[in-house]
Number of protein chains: 2
Amino acid sequence: MVQFLNKSSNPGSGKTVSERMRRKSEARRLDILHAAARVFRRSGVAAAGMREIAEEADLSPGNLYYYFSGKDELLFFCQDRTLDRMLEAAETARASTIPVGDQLRAVIRAHLHYTLDELEGATAHLEIDMLAENLRRGIIDKRDKYELAVRALITKGVKRGEFAPCDAALVARAILGALNWTVRWYRPDGAQSVSAIAEGLANYLVRGIAAHPQETTVPVRAQSGGRK
Amino acid sequence: MVQFLNKSSNPGSGKTVSERMRRKSEARRLDILHAAARVFRRSGVAAAGMREIAEEADLSPGNLYYYFSGKDELLFFCQDRTLDRMLEAAETARASTIPVGDQLRAVIRAHLHYTLDELEGATAHLEIDMLAENLRRGIIDKRDKYELAVRALITKGVKRGEFAPCDAALVARAILGALNWTVRWYRPDGAQSVSAIAEGLANYLVRGIAAHPQETTVPVRAQSGGRK
DNA sequence: CATAAAATTGAACGATGGTTCAGTTTCTGA
DNA sequence: TCAGAAACTGAACCATCGTTCAATTTTATG
């Protein structure tokens, strides 16, 4: 979680020097990663060029390769990081003692936060087949693990009688689809904030499997305090 | 609907000759369009190369440009065609006299058919920003019109008391997201057929807004006759 | 301050992808 | 049968993109 840089090529190749320099280098790497994530989100992975990423990170194209072996490594770290966060959120929800419906709601909120949030949001993990073959395996596994976590939540809800019997695998995919597709239409300057969208979607998506849904209440547009 | 070729550059530029030749040329154009749609779906629009499309359509790369002005025109026609079909299905559903829930179900079925079906399915229309700026407008308008049609269906259901009050715009986007995301996980050789997936998703997605959902029934995996 | 390592640069390379075009083959209609 | 149009070909062009590298500047440390 804290250090994901020693997984692969570090700057240079000689033994590291002072602690202070190592810190600085690491921070720089993180900055670059953030810049790459922004460009990936803004332009899409395919259209995101190394020159564009370099400019966003305020360094020359060539210098990028001093910190990362190439575009694939950049992409890999971006995807890996986001999936880790989502998996963590899913695990936290699972381990809690609140009703399963609320656990699912928490996962939905976190999911949208990590994809749409202006600062922390990233979407690179949604374009897995842009990643080089050799790096794909691990990412795919994490993505599948996440999907399975959502499915397990649904299954648990059914077992407890909180949810109606259903095809958990299909419902999980439907939920994830509805969530992931938000990156296509969400605009930061739009009418609804990320958390408002999250509440609305959570209400609708959970209601679809709730054993005893409230007769009336579904996402009625913004019941109080509009933006942010 | 029938002829969408005279919208732009036809083969050659001289006056058309005999009717028989025109027919043949038109058929050829359609074949190429189908081939392009297959390649777009298989490889994604960005990764789909003109050489690959040419090979799929059994002609030389250069010859492609005898029938179409370029990749953008190819993409435009693919997107336009699919959106037209979906709009048509939405209109048919709207005009029918069945319950709104069933109208929505019909739209969902058609939507998945036109995206996932082995022969007729196309996914190019999901990558709108791959299209050149100057052609985008029309496609975006059609897509928005379709989204509005789905939203209108929901609003109608609420007005009639068949659906619970909700944020129709958000729910429409959730539904479309769940549907569109199927192209990411659906595999023709998977366990469920397209229509089985359609039924399962329709049940879940409609239940989320139904005023009085059945207590139990939700997509319980394949109640009879598995594949096809 | 000096020196070596770390960091940075920008031009250039090779591959790829959309597109063009001069030339060739195939087909149509009189 | 035979022009002339239509259909077709494949090599080449040009832009772009990921990447490399020799050379230069900056920084850390004795």
Side-chain angles (χ1 to χ4, degrees), chain A residues 5 8-32 35-36 39-40 43-76 130-135, chain B residues 5 8-32 35-36 39-40 43-76 130-135:
Chain A
L5 45 121
S8 181
S9 72
N10 281 51
S13 56
K15 41 271 179 188
T16 334
V17 272
S18 76
E19 181 65 12
R20 212 176 118 264
M21 278 189 71
R22 214 186 49 76
R23 286 259 196 234
K24 196 180 161 193
S25 168
E26 190 171 330
R28 192 78 208 272
R29 271 173 70 88
L30 250 177
D31 282 345
I32 295 174
V39 176
F40 285 146
S43 310
V45 172
M50 292 299 273
R51 289 165 179 85
E52 189 184 356
I53 294 174
E55 191 180 10
E56 178 83 22
D58 274 315
L59 40 72
S60 69
N63 200 12
L64 251 184
Y65 290 83
Y66 181 77
Y67 291 95
F68 294 92
S69 69
K71 187 177 179 180
D72 282 320
E73 196 180 54
L74 237 22
L75 181 55
F76 173 82
M130 289 292 111
L131 192 61
E133 281 276 344
N134 51 312
L135 295 174
Chain B
L5 44 121
S8 182
S9 72
N10 281 51
S13 55
K15 41 269 176 191
T16 334
V17 270
S18 77
E19 180 66 11
R20 212 177 117 264
M21 279 189 69
R22 213 186 51 75
R23 285 259 195 232
K24 197 179 159 193
S25 167
E26 189 173 331
R28 192 78 208 270
R29 270 172 72 88
L30 250 178
D31 282 345
I32 295 173
V39 176
F40 284 147
S43 310
V45 173
M50 291 300 272
R51 290 166 179 84
E52 190 184 353
I53 294 174
E55 190 179 10
E56 178 84 21
D58 274 315
L59 40 72
S60 70
N63 201 10
L64 250 183
Y65 289 83
Y66 180 77
Y67 291 95
F68 293 93
S69 71
K71 187 177 179 178
D72 281 321
E73 197 181 52
L74 237 22
L75 181 56
F76 173 82
M130 289 291 111
L131 192 61
E133 281 276 343
N134 50 313
L135 295 174

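Here is the naming used below: chain letters follow the sequence lines, and residue numbers restart at 1 for every chain.
- Taking atom CD on A/Glu26 and atom P on C/dA7, their separation rounds to 13 Å, with Å as the unit.
- A/Met50 has its CE atom 15 Å from the C1' atom of C/dT8, to the nearest Å.
- Remark: A/Tyr65 is in phosphate contact with D/dT19, judged by side-chain N or O atoms under 4.0 Å from OP1 or OP2.
- One can place CD of A/Glu73 at 16 Å from C1' of D/dT20, the figure rounded to the nearest angstrom.
- Contact annotation: the side chain of B/Met50 approaches that of B/Leu74 to within less than 4.5 Å [non-hydrogen atoms, C-beta and beyond].
- Using a 4.0 Å heavy-atom cutoff across all strands shown, A/Ala132 reaches no nucleic acid atom at all.
- At whole-Å resolution of the value, CG in A/Leu75 and P in D/dC17 are 17 Å apart.
- Counting non-hydrogen atoms under 4.0 angstrom, B/Gly62 reaches a base of the nucleic acid.
- Counting non-hydrogen atoms under 4.0 angstrom, B/Ala46 reaches nothing in the nucleic acid.
- Whole-Å rounding puts the A/Ile32 CD1 to C/dA7 C1' distance at 11 Å.
- Looking at every heavy atom in both residues, B/Met130 comes nearest to B/Ala46 through SD-CB, 3.9 Å.
- Between B/Tyr66 and D/dC8 there is no side-chain N or O to OP1 or OP2 distance below 4.0 Å.
- Between B/Leu75 and B/Leu135 the shortest side-chain heavy-atom distance does not fall below 4.5 Å.
- Listed pair B/Asn63 / D/dT9 meets the phosphate criterion, a side-chain N or O lying under 4.0 Å from OP1 or OP2.
- A salt bridge (Lys or Arg N to Asp or Glu O under 4.0 Å) with B/Glu26 is found for one member of B/Arg29, B/Arg22, B/Arg28 and no other, namely B/Arg22.
- The line from OH of A/Tyr66 to OG of A/Ser60 is 12.5 Å long, rounded to the nearest 0.5 Å.
- Nucleotide D/dC17 holds its C1' atom 15 Å from the CG atom of A/Leu74, rounded to whole Å.
- The distance between atom CD of A/Glu55 and atom P of C/dT9, rounded to the nearest whole Å, is 12 Å.
- Counting any heavy atom pair closer than 4.0 Å across all strands shown, B/Leu59 reaches sugar-phosphate atoms only and no base atom.
- Note on A/Gly49: only backbone sugar-phosphate atoms sit closer than 4.0 angstrom, heavy atoms only; bases stay farther off.
- Between A/Arg51 and A/Asp58, the residue anchored nearer the 5' end of DNA chain C, judged by the nucleotide with its closest heavy atom, is A/Asp58.
- For B/Ser60, whose side chain is taken as the heavy atoms from C-beta onward, the closest listed nucleotide among C/dA7, D/dG10, C/dT9 is D/dG10.
- Within the structure, every side-chain polar atom (N or O) of A/Arg28 is placed at least 4.0 Å from both OP1 and OP2 of D/dT27.
- Distance CZ (A/Arg29) to P (C/dT8): 13 Å, rounded to an integer number of Å.
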